[in-house]
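Report on the structure given below.
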Amino acid sequence: MAARSQDAMASPPRRTGGGVDFSALLSRFDRLGVIVALIVAAGSLALPFVTFKANRIAPGQPLGISEALAFPEGPVFQAVILAGALVALIRLPSSLRLAAGLLLIAALGLMLGVAATGLMPEGSRVARVSPAAGFWLLVFAFALVAADALARMQLGPMTRLGLLALVALGLGLMLWSGLWDDVSILREYANRGAAFRSEAQTHFALAFGSLGAATLIGVPLGILSYRNRALRTGVLNSLNVVQTIPSIALFGLLIAPLSWVAANIPGASALGVSGIGFAPAMLALFGYSLLPIVANTVAGLEATPEPVRQAARGMGMTRRQILTKVELPLALPVIIAGIRIVLVQNIGLATIAALIGGGGFGVFVFQGIGQTAMDLVLLGAVPTVALAMAAAIVLDAVVDLASPGQARPR
Amino acid sequence: MTAGAVMRTVLLLVLVAFLVTPQSFAPVFEPLTRYGAPAIYAQGSLVDITLSHLGITLVATLAATLVAVGLAIVVTRPFGAEFLPLSRSISHIGQTFPPVAVLAMAVPVLGFGTEPTLVALFLYGLLPIFENAIAGLSGVSREVREAARGMGMTGWQRLARVELPLALPVMLTGIRVSAVIALSTATIGSTVAAKTLGEVIIAGLTTNNTAFVLQGGLIVGALAILINDGLMALERLLRRRNGLADTTAR
C-alpha cells in the first residue's frame with residue numbers, strides 16, 4: 001500500500017503537450033491491472049483454452065473458450081473473465097483484490113472441468129481434453145492479481161498458513177467432487193492411481209527422509225564447525241564441492257559403492273541397501289542437504305551479538321548452557337531457513353531419482369517425456385511444484401514464528 | 001601464487017588434457033568398467049560436447065542477465081516502484097519451481113532438443129540475478145545518489161555512471177550463482193535430447209558403466225569449480241576497484 005501511494009505522489013501526471021495524456025489516463029487505473037487485462041485479453045481471445053486429442057499422443061485440436069464451452073456456460077464464463085479483468089483494472093483494497101483473484105482462479109478451474117466434461121465423447125476412455133496455453137495464461141494473470149495483493153498486505157505467518165489451508169481445501173474439494181475427472185491429467189491419474197500413490201509415498205520419503213537425516217547430522221556438525229575453525233573450513237569446502245556435482249552424476253556415482261556394500265556387507269541388502277533405486281537417491285539427496293544446514297547453523301550461531309554472549313558468561317553460564325540457552329535459540333530462525341532451502345530443493349531434486357530407479361514423481365515426468373505424453377509429464381510435475389510451494393510457504397511461516405518481534409527476513 | 005591458485009591451474013590443465021586426449025586417461029577409468037565395456041565415452045567428441053554444454057550455459061545465463069538486470073532497473077526507478085513488491089514475491093515463488101518440472105513443461109511448447117533446455121535454464125537463472133541486482137541497486141547509499149544529483153547528472157547518467165558500477169559486484173554474485181546452477185542443471189537437458197555432458201552420464205546410467213557417469217560428472221564439477229572461482233576473483237577485483245571491503249572471501 002505504502003509503495004503505491006508514495007508513487008502516486010511522486011509522479012503526478014505532468015505532461016501537458018498535445019494529444020492524449022496517457023499518464024493521466026493511466027493513473028486512474030491500477031498499472032498492474034493494465035498488464036493483467038492485456039494478458040487476459042490474449043489468454044481468452046488469441047490462445048486456445050483447451051486442446052482436444054482423439055487419444056493421448058495424437059496431435060491436439062486447439063479450442064478457444066467459445067468452441068470449448070456450449071451455450072449458456074460459454075458466454076457466462078466469458079462474462080466472469082471480463083468482470084475479472086475489470087476488477088483488476090480498478091484500484092481496490094488489497095483484500096478485495098486477493099479474494100477476487102482467488103475466486104477467479106477457482107472459476108477457471110470450474111470452467112476447465114465443465115469444458116472437459118462437455119467435450120468428452122460419450123463413454124470414451126482414450127480421448128483427452130488438456131488445459132492449453134490460454135487456460136494457463138488466464139490462471140497466471142489472476143494469480144498475479146492475488147500475489148500482488150498478498151505482497152502488499154504483508155500478512156502475518158498464521159494468516160498465511162490459514163490461506164494456504166483454505167486454498168488446499170478448495171483444491172481438495174474440486175478434486176473430490178469429480179469436477180475434473182474428465183481433464184487429461186486426472187485421466188492419466190485414473191489409469192495409474194495405485195502407482196501414483198506409491199510414487200507419492202516414495203517422493204515424500206526421499207525428500208523428508210534425507211532432510212531429517214541431514215538435520216540430525218548437519219546441526220551438530222555445524223555446532224562443531226562453529227567451535228573449531230579448521231574443521232569449519234574443511235567441512236564447508238568439501239560440502240561446496242559436493243554441491244557442484246550435477247545431480248544426475250551424483251545419483252549415478254553412488255550406484256557402484258552401494259552395490260559393493262550390498263554385496264559384501266552382511267545384512268545391508270536385507271535393510272534395503274542396493275546399487276540402484278532408493279538407497280543411492282536417498283544418499284545423494286542427503287549429500288546435497290548438508291551444506292545449507294551446516295552453513296546456516298554456523299552463520300546463525302556466529303550472528304549471536306557479542307554483548308549477549310558476554311552477559312550470559314557474566315551470569316555464570318557454562319559454555320554448554322550458553323550454547324543451548326542463548327546461542328541456539330537465537331540461531332533457530334537461521335537454521336530453519338536452511339531447512340526450508342533444503343526441503344524445497346529436495347522436493348525438486350527427488351524427481352531425478354527416477355532416472356536411477358529411485359521412484360518418486362519423476363517416474364511420471366520421465367515416462368511422459370519418453371512417450372511425448374504431456375499429460376503424464378504434468379501428472380508428475382504439478383504435484384511436485386505444488387508440494388514445493390506449500391513447503392516454502394509453511395517453512396517461511398515457521399521462520400517468522402521462530403523469530404518473534406522481527407521483521408520478516410527475505 | 002597461493003596454494004588455491006596452484007590447485008586451480010592444475011585442475012584446468014588436467015581438464016584440458018582430458019578433453020583433448022581422453023584415451024590417455026583410459027587406464028584411470030578402466031577399473032570402473034565391467035565385461036570389457038569401453039572406459040572412455042566415444043560416441044561423440046568430448047570437446048564438442050563440453051563446448052556445446054558451455055555454450056548452452058553461456059547463452060542462457062547471458063539472456064537471463066540482460067532480462068533480470070533490465071527488470072531490476074525498471075522496478076528500482078520511481079516509475080516502476082509499484083511493481084517492486086510483486087516482482088520480489090514472484091521471484092521468491094519462482095525459485096520453488098524444480099528445474100526438471102520447468103524443463104518438462106517447456107518440451108510440449110518447444111519440442112525436443114536445445115530450445116527447451118535453454119528456456120528452462122533461462123527462466124531458472126533469472127531469479128538469483130534479479131534478487132541480487134535489486135539488492136545491489138537499492139544498496140547504493142542515499143548520500144552517493146544525492147551527490148550525483150547535485151553534480152547535475154541526469155537520471156540515466158546516475159544509473160550508468162554511479163548506480164550500475166556500484167551495484168556490479170553484488171550483481172555479479174547473482175550471475176555467478178546462476179551460472180553454476182545452469183551449468184549443473186544443463187546436464188538434465190540431455191533427457192530431452194540437448195547436446196550436453198548429461199549425454200555422457202546418461203549413457204553410463206543406461207549401460208551400467210560407472211566410468212562414463214564419473215567422466216561426465218567430473219567434467220561438469222571441474223567446470224563449475226573453475227567458473228565459480230573465476231567469477232569470484234572478478235567480484236573481488238570489482239569490489240577493490242569500488243573501494244569496498246572484500247567480503248566475498250569465504
Side-chain angles (χ1 to χ4, degrees), chain A residues 3-4 6-8 10-11 30-32 35 133 144 147-148 150-152 154 236-237 240-241 243-253 255-256 276 344-345 347-352 355-356 361-362 365-366 368-370 372 374 377-378 380-382 384-385 388-389 391-393 396 410, chain B residues 32 78-90 92-93 95-105 107-109 111-112 131 180 183-188 190-193 197-198 200-202 204-206 208 210 212-225 228 250:
Chain A
R4 181 182 302 194
Q6 206 178 31
D7 177 55
S11 58
D30 186 274
R31 282 207 236 159
L32 177 71
I35 296 177
L144 269 185
D148 178 53
L150 275 176
R152 291 178 194 285
Q154 298 191 327
L236 288 182
N237 279 346
N240 260 321
V241 171
Q243 295 274 323
T244 64
I245 306 174
S247 41
I248 316 184
L250 187 57
F251 281 96
L253 288 178
I255 293 177
I276 56 161
V344 172
Q345 175 185 295
I347 290 174
L349 278 178
T351 43
I352 299 175
L355 283 179
I356 55 162
F361 289 131
V365 174
F366 290 114
I369 290 178
T372 60
M374 187 51 195
V377 170
L378 286 178
V382 171
T384 312
V385 171
M389 277 166 92
I393 293 171
D396 276 342
R410 282 269 180 162
Chain B
L32 294 166
F79 60 85
E82 198 175 348
F83 295 106
L84 183 61
L86 174 67
S87 56
R88 292 201 60 178
S89 67
I90 289 181
H92 207 63
I93 298 168
Q95 253 151 340
T96 62
F97 272 68
V100 187
V102 179
L103 189 68
M105 293 190 207
V107 170
V109 188
F112 284 83
E131 285 275 313
V180 172
L183 192 75
S184 161
T185 310
T187 50
I188 306 174
S190 289
T191 58
V192 296
L197 288 160
V200 182
I201 299 171
I202 291 174
L205 285 177
T206 49
N208 250 327
T210 313
F212 286 0
V213 178
L214 192 63
Q215 275 154 45
L218 283 180
I219 299 174
V220 179
L223 288 173
I225 291 172
N228 188 50
R250 269 202 278 178

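Worth saying up front: this structure is predicted, and the values here are computed from it rather than measured. Chain A is the first sequence line, chain B the second, and so forth, proteins listed ahead of strands; every chain is numbered from 1.
If you measure heavy-atom distances from B:F112 to chain A, the contacts under 4.5 Å come from the side chain alone. Only the side chain of B:I90 comes within contact range of chain A, judged by heavy atoms closer than 4.5 Å. Contacts between A:M374 and chain B at a heavy-atom distance below 4.5 Å involve the side chain alone, from C-beta outward. With a 4.5 angstrom heavy-atom cutoff, A:V385 touches chain B via backbone and side-chain atoms both. At a 4.5 Å heavy-atom cutoff, the contact between A:L378 and chain B is made by side-chain atoms alone. Of the two parts of B:L205, only the side chain, counted from C-beta on, holds a non-hydrogen atom closer than 4.5 Å to a non-hydrogen atom of chain A. Contacts of B:I201 with chain A are made by side-chain atoms alone, with heavy-atom separations under 4.5 Å and no backbone atom involved. Looking at A:F366, the atoms closer than 4.5 Å to chain B (heavy atoms on both sides) all sit in the side chain, from C-beta outward.
Taking CG of A:D396 as the reference point, atom OG1 of B:T96 lies at 10.0 Å (rounded to 0.5 Å). Taken to the nearest 0.5 Å, the CD1 atom of A:I352 stands 7.0 Å off from the OG1 atom of B:T187. Taking CD1 of B:I93 as the reference point, atom CG of A:L150 lies at 8.0 Å (rounded to 0.5 Å).
Here the closest non-hydrogen pair linking A:S247 and B:I188 is OG-CD1, 4.3 Å. The heavy-atom pair separating A:R152 from B:E82 by the smallest distance is NH2-O, 3.1 Å. Closest non-hydrogen pair, A:A147 versus B:S89, comes out as O-OG, 4.1 Å.
The residue among B:A224, B:A101, B:A104, B:P99 with the most heavy atom pairs within less than 4.5 Å of chain A is B:A104. Of the listed residues (A:L32, A:V365, A:V382, A:V344), the greatest number of heavy-atom pairs within a distance under 4.5 Å of chain B belongs to A:L32. Of the listed residues (A:V241, A:L349, A:I369), the one with the most heavy-atom contacts under 4.5 Å to chain B is A:I369.
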